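Please read all numbers here as calculations on a predicted model, not as lab measurements. Labels below follow one simple rule: chain letters A, B, ... track the order of the sequence lines, proteins then strands, and each chain is numbered from 1.
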Amino acid sequence: MADSDTFIPALHTPSALLPIARHRDALLYTIETNPVTILIGPTGSGKTTQLPQYLEQAGWCSDGKIIAVTQATATTIATRVAAETGTSLGQKVGYSIRFEDVTSAATKIKFLTDGLLLREALVDPLLSRYSVIMVDEAHERSLSSDVLLGILKKIRKKRPKLRIVVSSATLQAEEFLRFFAGDDAGDDQATGSIGRIVSIEGRAFPVDIHYLSEPCEEYLERAVQTVFDIHASEPEGDILIFLPGRDDIETAIEKIVDHIPSLSAKADKLLPLPLYAGLMTEQQLYVFEPAPEATRKVICATNIAEASVTIAGITHVIDPGYVKLRVYNPTTGIDTLTPTPISRASATQRAGRAGRTKPGKCYRLYTEAAYTHTMPETTVPDIQRSDLAPLVLQLKALGIDNLARFDFLSPPPAELLVRALELLYALGALDDYAKLTKPLGTRVAELGIEPMLAKALLSSPDFGCVNEMLSIAAMLQASGQGSGVWFSHDNKTAEEKARRFFAVEEGDHLTLLNVYQAFVTKGKQEAKWCQKHYLNFKTLSRAVRIRNQLRRALERFGIVVTDPAADVGVLKAGGLPIQTRILRSLTSGFFPHAARMQADGTFRAVGGQSGKGSRGEDGGGGAAMVMHAHPSSLMFNRKAEWVVFGEVVEMRGKVYIREVSRVERGWLGELGGGYYSIR
DNA sequence: GCCTGGACA
């Protein structure tokens, strides 16, 4: 990802001058003679853009096979490589991402996301179209790239001619090689014959690292002070501060603004700017614009600036040493989002951001002793701290039934796998032998949305609300990852008013449906209308596309999707109101996420049995966790009794539920498939 | 009284 340089075409170097050019022949020889090549190539080495071209020139596509490169920014890289080869995009060089397949019969080099390549393995288990598969930035250890490596290791045994290239940071290269080599009973001798590690130099400038001599308690205060110290004594060049989240960013900016009047009138100006995923696009673009004359930019960013987004002109990095990490607790089923000390690998990556255009400096707001002795070498990979239900589904769909024997790069804790299996069993997606049920389990896997939501959607024909559930599912899938349905705004009252405009008494799901229907009807699919209502145009457009994809999937399953029913609120002849039918359909998927409101307005989870004997209605006798409706939920300071919810997140010691809707107590027993003993 | 970051026929 670091190679993408998305917003700074001026930095592109003629390809012949890139460091990798020197290694061309050696690299091709290594790949020719080794099934697996681990490529250590830092930012700016040209590995992602050049290596696929070398391979193509060397004849790796001559027998009709093609080269795959998995990359998070497939679009950008493909565009650049197509330009370099002087061909138009989708011809020799193409890309494939979720909603766009820009490839053709002529395509020889295909950039795609690792998730998509995994999807292809469902249809073509040996990925036989490809002669070389390059897994780029594998050290980032995303769920899907970890699974992909496991699958590739299996495939390699059946396809000796396949070549695998794994690009990695220095720290993890040995681990990747050991993984591919360590076959039967950890045979270290095999390492040499399976693969090689090749290292190419980057194009980065040196970065001076400064540590604190004493640990500091107020990193925010200290970061702001450091900004002004730099500004007073260092030559021109922009500053990048890594902060854990949005509120820290906003506070930091306020503090900087407060201090600005203390600068002398003759001094250069300071321009603090925020950068995080939830910002509106236009606001995000400010950080890429050159600062005005005699002004120094101070970019206060989340981890988005560590690898995903590159900003030109940064010469000073301030690193307080924290990141917000999502960790799933398999015992409680709760995700926690906590500021956590970063790893040394992460610290190195952050420092490197100061040396992209000229020599730079990095100020670490921790001691060298902390760096050496207390910070972990690498971050715990996703696979060891996530809800694994989606992963289990995917592996089962690929025919890997014995998860205990699957070759994981880093095996997940058993509790995580057990929890995932229990949930999928409760939903009816797995049978007593932990095999995918037919048709439900295979369909849940194929939909590729989170399992509870998939179950709710697949149940919707029984309740006569397929159309509505399609829209709700699309809205839920489209939001998240920083891009919410609504924008948060400085003007809180206006924001609240905008939310209330679409509010539906029954809860967040019907409210989302309401927003979706308003967006697509009355010809309102436009940015202006969204702006007026504080809605995120990008998220809603995405929802429309996701809905189409889901609808096509349902049609493949033979589920009839009729034309959208009339407005919400219309009674179906002789049946229940549409709202009730939707809520019942939701309950049939989200029953494991049920809660009851207490007199004080907080919620308690309703304990399910999940194979361990039935529990009562209020959490099985134990002290149930106190949960709060998330402030973004409609149920925040509203009355309800029984509810289902989408997710639970713990932040700052408080547990929040999001996407909350009212249900009836009896439905949990009726639709919960025996999960609850309540009637 | 609020969500780190990616992504899926």
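Picking from B:dG5, B:dA7, B:dA9 the nucleotide with the shortest atom distance to the side chain of A:Arg326 gives B:dG5. The side chain of A:Thr113 lies closest to B:dA7, out of B:dG1, B:dA9, B:dA7. Set against B:dG5, B:dG1, B:dC8, the side chain of A:Phe636 has B:dG1 as its closest nucleotide. Listed candidates were B:dC8, B:dG6, B:dG1. Nearest to the side chain of A:Tyr656 is B:dG1.
Comparing A:Glu446 and A:Val323 along DNA chain B, the residue whose closest nucleotide (by nearest heavy atom) sits nearer the 5' end is A:Val323. Residues A:Gln549 and A:Leu143 both approach DNA chain B. Their nearest nucleotides, taken by heavy-atom distance, put A:Leu143 toward the 5′ side.
Heavy atoms of A:Ile97 sit under 4.0 angstrom from primed sugar atoms or phosphate atoms, though from no base atom. Across all strands shown, A:Thr302 has heavy atoms under 4.0 Å from sugar-phosphate atoms exclusively, and none from any base. Residue contacts shown for A:Asp101 are absent, as no nucleic acid heavy atom lies under 4.0 Å away. Among the atoms of the strands shown, base atoms are found under 4.0 Å from some heavy atom of A:Leu337. Residue contacts for A:Val123: at a heavy-atom cut-off of 4.0 Å it reaches a base atom on one of the strands shown. Here A:Gly245 lies in heavy-atom contact (under 4.0 Å) with sugar-phosphate atoms only.
A side-chain donor from one of A:Ser144 and A:Asp114 sits under 3.5 Å from a side-chain acceptor of the other. A donor-acceptor contact closer than 3.5 angstrom links the side chains of A:Thr310 and A:Arg353. Judged purely by distance below 3.5 Å, without hydrogens or angles, the side chains of A:Arg551 and A:Asn548 pair a donor atom with an acceptor atom. A side-chain donor-acceptor contact under 3.5 Å links A:Glu306 and A:Ser346. Judged by distance alone, the side chains of A:Thr378 and A:Arg141 never bring a donor and an acceptor atom under 3.5 Å apart.
One can place CG of A:Leu391 at 13 Å from C1' of B:dC8, the figure rounded to the nearest angstrom. One interatomic measurement links the two molecules: CD of A:Glu137 to C1' of B:dG6, which rounds to 12 Å at whole-angstrom precision. Whole-Å rounding puts the A:Arg385 CZ to B:dG5 P distance at 13 Å. Following rounding to the nearest Å, A:Ile657 (CD1) and B:dC2 (P) show an atom-to-atom distance of 15 Å. Atom C1' of nucleotide B:dA9 and atom CD of A:Gln477 are separated by 15 Å, given to the nearest angstrom. If you measure from atom CG of A:Asp247 to atom C1' of B:dC2, you get 8 Å, rounded to the nearest angstrom. Here B:dG5 presents its P atom at 12 Å from CZ of A:Arg350, a figure rounded to the nearest Å. Taking atom CD1 of residue A:Ile304 and atom C1' of nucleotide B:dA7, one finds them 14 Å apart after rounding to whole Å.
Checking the phosphate oxygens (OP1, OP2) of B:dG1, a side-chain nitrogen or oxygen of A:Lys654 falls inside 4.0 Å. Checking the phosphate oxygens (OP1, OP2) of B:dA7, no side-chain nitrogen or oxygen of A:Ser144 falls inside 4.0 Å. Within the 4.0 Å cut-off from OP1 or OP2 of B:dC2, at least one side-chain nitrogen or oxygen of A:Arg652 is found. Between A:Tyr276 and B:dG5 there is no side-chain polar atom (N or O) within less than 4.0 angstrom of OP1 or OP2.
Sorted by first and then second residue, the side-chain hydrogen bond (donor to acceptor under 3.5 Å, both in side chains) pairs with a member in residues 385-397 of chain A read A:Asp382-A:Arg385; sequence neighbours excluded.
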